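In the text below, chain A, chain B and the rest are named by the order of the sequence lines, each starting its count at 1. Because the structure is predicted, anything quoted here is derived from the model rather than measured.
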Amino acid sequence: MSEEINFLQAARREKLESLAARGIEPFAYSYARTHTATGALALLDPNVEEGPTVCLAGRIVAWRGHGKTAFAHLADSSGRIQLYLRRDQLGDDQFALAELLDIGDVIGVAGPLFRTRTGETTVRADRLELLAKSLRPLPFGKEEVVDGVTVRHSGFADPEQRYRQRYADLAVNPEVRALFVARSRMTSAIRRFLDDLDYLEVETPVLQPLYGGAAARPFVTHHNALDMPLYLRIADELYLKRLIVGGFDRVYEIGHDFRNEGIDRTHNPEFTMLEFYEAYADYTVMMGIVERLITAAAEVVRQVPGFGGSVPDLPTPFRRVEWVPSLNAALGVDIMTADEPSIRRLARQHGVEHGDQLSHPKLLDDLFQALVESTIVEPTFVLDYPRALSPLAKPKRGNPELTERFELFAHGRELANAFSELNDPIDQRARFEAQARLRAAGDEEASGVDEDYLRAMEYGMPPMGGVGIGIDRLFMFLTGTANIRDAILFPTLRPE
RNA sequence: GACCCGGUAGCUCAGCCGGUAGAGCAUCGGACUUUUAAUCCGCAGGUCGUGGGUUCGAUCCCCACCCGGGUCACCA
């Protein structure tokens, strides 16, 4: 990426040369800091005017020059603190260095804490060290505090540039950093939750010779040495269940799935999926685990400073409704006995688009989405989906037309999908073959027959419950984030 | 994919009825030893997303394209 150097960058390069002329190395190797910014702020007793000496490192984010003195703010990952630089304190050489500093420079600073006339805890700098010269101006806005609220002026606002240059977005907007801290806390909490239940975290292939476990179009790549196509996984499911055959009773994986579909505010081509499987559990057991996992995740996000208010209340137990009765109630007919033409007529009436071209299962799913799913606000488990919608789920005990499956919805969004996993290899083969027929008929999202998976199942697969939770979506739900790009550090974009 | 909105200085934005551009901040120069959107004075900074068209003349009107945002559709 070559571009012309603008006059601001030129000015900084000139300063670099002035530094070199003074024998100052502009890119350091390390700095021994004693405190973080917030750690230092806590050191000055409210009743005293002078405190201990601290060594801090961070980025200059604000600068107010006054001739022979200057005030600056230094920011590190903990927060920001004011610096006071005086010529008589620093000496001529060090003050000359200070005059060659820019906003964005990474510096180390040492000096005693004191309180300014306006009461702000500040470092009176008596030694400065340049750690990294910033040759490209970061788009810092100016901040003021009005009635206790920080107002930022002319900051870094262009959404495209913020996604493309997330490093600049993070450097300039602390609240963006806080959001991703919250995300990290959430996934750690989920790991802790599952680890405490004796789940084993495992890693399964991202590059797969066959893709499956979900209905989606895959990314295809090619392995040169094997001279064969490989698919980026669309789900972890089939490999994790092979591990249950192998004797791991409880496994989970948090990793990226890849789906070759459109990009919009809830879809990124790669996204983070949690799947977990537990032998000898059925979907009712998994429902309880999901409820506890979601509330545990909500609790840690709630505790991250700044996010307490955004996390929705999740009173337990979550509401439970059954798929068929809730759709029937909304539709006014029995979906399981209604004939095909009248179902298609109802779909048209309720605004399901392209109803005539959809396969029967897809039609049912769209109807449910339009009439029931979209109306769910409080967290609700929807139970017992029709068999045709769930090729990897066990038939429901007492009603083989249905499967033992649930999805969790809240605010019209899907948060989890789970079932009593099908462990009958004869039935599984029949379902795979039905999928293969759909695929042969042109359904690009239908899977094929995975013979290796069937082999594993034929060895004897314990009954198990399994759950998938989209981590990005869950995080968006908990933080009130509307666009998935705001929940992913480096979202997929067209190249510049 | 459809529709709507946007792309002007490093950043945030203005630009009337078509007459080849402005502000604030930042930068640069000057003043300033407790400021905090520091203040004051001065200078500089532009391929107006790209390519065509209309016109004596286009940032402005028209067409196409690129990029982004939003809404909808698609996406178990």
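Nearest-nucleotide positions on RNA chain B for Arg86(A) and Leu389(A) put Arg86(A) closer to the 5' end.
The stretch residues 466-478 of chain A does not touch RNA chain B, since none of its heavy atoms comes less than 4.0 Å from the strand. Within residues 63-78 of chain A, the residues having any heavy atom under 4.0 Å from RNA chain B are, by residue number, Arg64(A), Gly65(A), His66(A), Gly67(A), Lys68(A), Thr69(A), Phe71(A), His73(A).
Proximity of the aromatic rings of Tyr252(A) and Phe276(A) is defined here by a centroid distance below 6.0 angstrom, and this criterion is not met. In summary, the aromatic rings of Phe271(A) and His256(A) are positioned with their centroids too far apart to meet the 6.0 Å limit.
Across all strands shown, nothing is found opposite rU55(B) as a Watson-Crick or G-U wobble partner with both distances under 3.5 Å.
Of the charged side-chain nitrogens involved, at least one lies within less than 4.0 Å of a carboxylate oxygen, so that Arg80(A) and Glu143(A) count as a salt-bridged pair. Under a 4.0 Å N-O distance rule, the pair Asp102(A)/Lys133(A) qualifies as a salt bridge.
Between the base of rU35(B) and the side chain of Gln82(A) there is a donor-acceptor pair shorter than 3.5 Å.
At the phosphate of rG70(B), OP1 or OP2 sits under 4.0 Å from a side-chain N or O atom of Asn483(A). At rU27(B), none of the side-chain N or O atoms of Lys15(A) fall inside 4.0 Å of OP1 or OP2 (strictly under the cut-off). When the side-chain nitrogen and oxygen atoms of Arg494(A) are compared with OP1 and OP2 of rC67(B), one or more of them lie within a distance under 4.0 Å.
Ring geometry, Phe318(A) versus Phe381(A): the interplanar angle falls from 30° to 60°, so the pair is classed tilted.
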